[in-house]
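Remember, it's 1-based here, ligands and their atoms both numbered in the order they're listed.
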Amino acid sequence: MNTHDALLRLRRDRDLPDEELAQLISLENKETCQALFDAGDAVRRERYGTDVYLRGLIEFTNHCRNNCLYCGIRRDNAKLERYRLSPEEIVACCETGWGLGFRTFVLQGGEDEHYDDDAICGIVMEIKKRFPDCAVTLSLGEKERESYERFFAAGADRYLLRHETASEEHYRKLHPASMSLAHRKQCLYDLRDIGYQVGSGFMVGSPGQTAMDLVKDLRFLQDLRPAMIGIGPFIRHRDTPFRDFPSGNMLSCLRMIAILRLMFPYALIPATTALGTISPNGRELGLRAGANVVMPNLSPVHVRGLYRLYDDKICTGEEAAECRSCLSRRVSAAGYKIAVSRGDVKNILQTHKKILRKQKDYLEHY
Ligand code: 5AD
Ligand code: FES
């Protein structure tokens, strides 16, 4: 393969045949990798300029009914101290975040049945009432379609649910038999159909993953066309069944970010905490390869260390304000600037009007 030519075609057509994608995914040559990152950066600048959007992450529960083999908050991890934030504590995090310039709040947690649909709707409505110009993103895992509809009617704008891997065989290696890729995909299609701006994504370098599995991830994303695509390296956690597998590496993650940017120029792509954990300047390099979102932590400091999806997670000791200013510095050092706005995706043809109409329909229904 002539890599230079493949890069040009990927940028022009936003696509390549499977074999060529697999080769780019596995690219070793330093200069060609740099050319790929530069292309990712150029396309991102065409669409989004130097803007980097902020999402304030509130990790509100580390209870989880699932038992994903890679994840530190899996049900069977008996060593972990569990916590839940009250609705008041969650709203207080938003209050702090608002003052720091956040206009999107992401409520993320394990799959925790303690919060029923009414509780989630109540929290969403309260946040939307207090901060009407902010977007609310939910990341609560797999739910019934009806629950997703109710959250949407309550005002939730976006939903994050990584598909984790689009290969059936690989999915079964990462998850217990009780979980299925088909169901996860169905959740994503339901969310999109309801009217959410949907985020999906996957881990890079998870145990057993091949370049062809990553090609399948790209093909699935071409079908789903999510507004946001979040990826990060797999990082081992000592109290999971995957404790002895090596963590993913930064370069393969950066290559994937650049490839995603070329294939999905409009997408919101975060430079994730996992990327910053695997390497001290991982997030800056992520931005330079095409990422345009950062998600600093807004959770109260006393629970931060407990939302440990993987070992050595960064930002567990810092206050929200410290994380915010640390990230500002990092973003400007990388050559970009933080935008104080909701940071909606720039291709979605669904106008606000249309979304509001849909929200009204659901409200009448429930
Ligand atoms: N390493 C990296 N990422 C992980 N996640 C969960 N466990 C790990 C791990 N060990 C990611 C999953 C999940 C997101 C919230 O965190 O992709 O969707
Ligand atoms: Fe949290 Fe740097 S972003 S300490």
Under-4.0 Å salt bridge between Arg288 and Asp38 =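 Salt bridge: no.
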
State plainly whether the residues Arg9 and Glu20 are in salt-bridge range, i.e. N to O under 4.0 Å.
->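 Yes.
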
Is the backbone N or O of Glu318 less than 3.5 Å from a side-chain atom of Arg304, with the two atoms forming a donor-acceptor pair by type?
->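 Yes.
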
Answer yes if the ring centres of His175 and Tyr70 are under 6.0 angstrom apart, and no otherwise.
->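 Centroid distance His175-Tyr70: below 6.0 Å, so yes.
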
What protein heavy atom sits nearest [atom], and how far away is it?
atom	value
atom 14 (C) of ligand 1	Arg162 NH1, 4.0 Å
atom 18 (O) of ligand 1	Glu164 OE2, 2.6 Å
atom 7 (N) of ligand 1	Tyr70 CD1, 3.4 Å
atom 9 (C) of ligand 1	Ile235 O, 3.4 Å
atom 16 (O) of ligand 1	Leu309 CD1, 3.4 Å

For atom 8 (C) of ligand 1, which candidate among Met203, Arg308, Lys313 provides the closest heavy atom?
->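 Looking at heavy atoms only, Met203 sits closest to atom 8 (C) of ligand 1.
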
For ligand 1, is any non-hydrogen atom under 4.0 Å from Pro233's backbone (N, CA, C, O), its side chain (CB onward), both, or neither?
->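 Only the backbone of Pro233 comes within reach of ligand 1.
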
Kindly indicate whether a cation-pi arrangement holds for Arg103 with Trp98, taking the cut-offs as under 6.0 Å to the six-membered ring centre and within 45° of the axis.
->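 Geometry flag: set, cation within 6.0 Å and 45°.
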
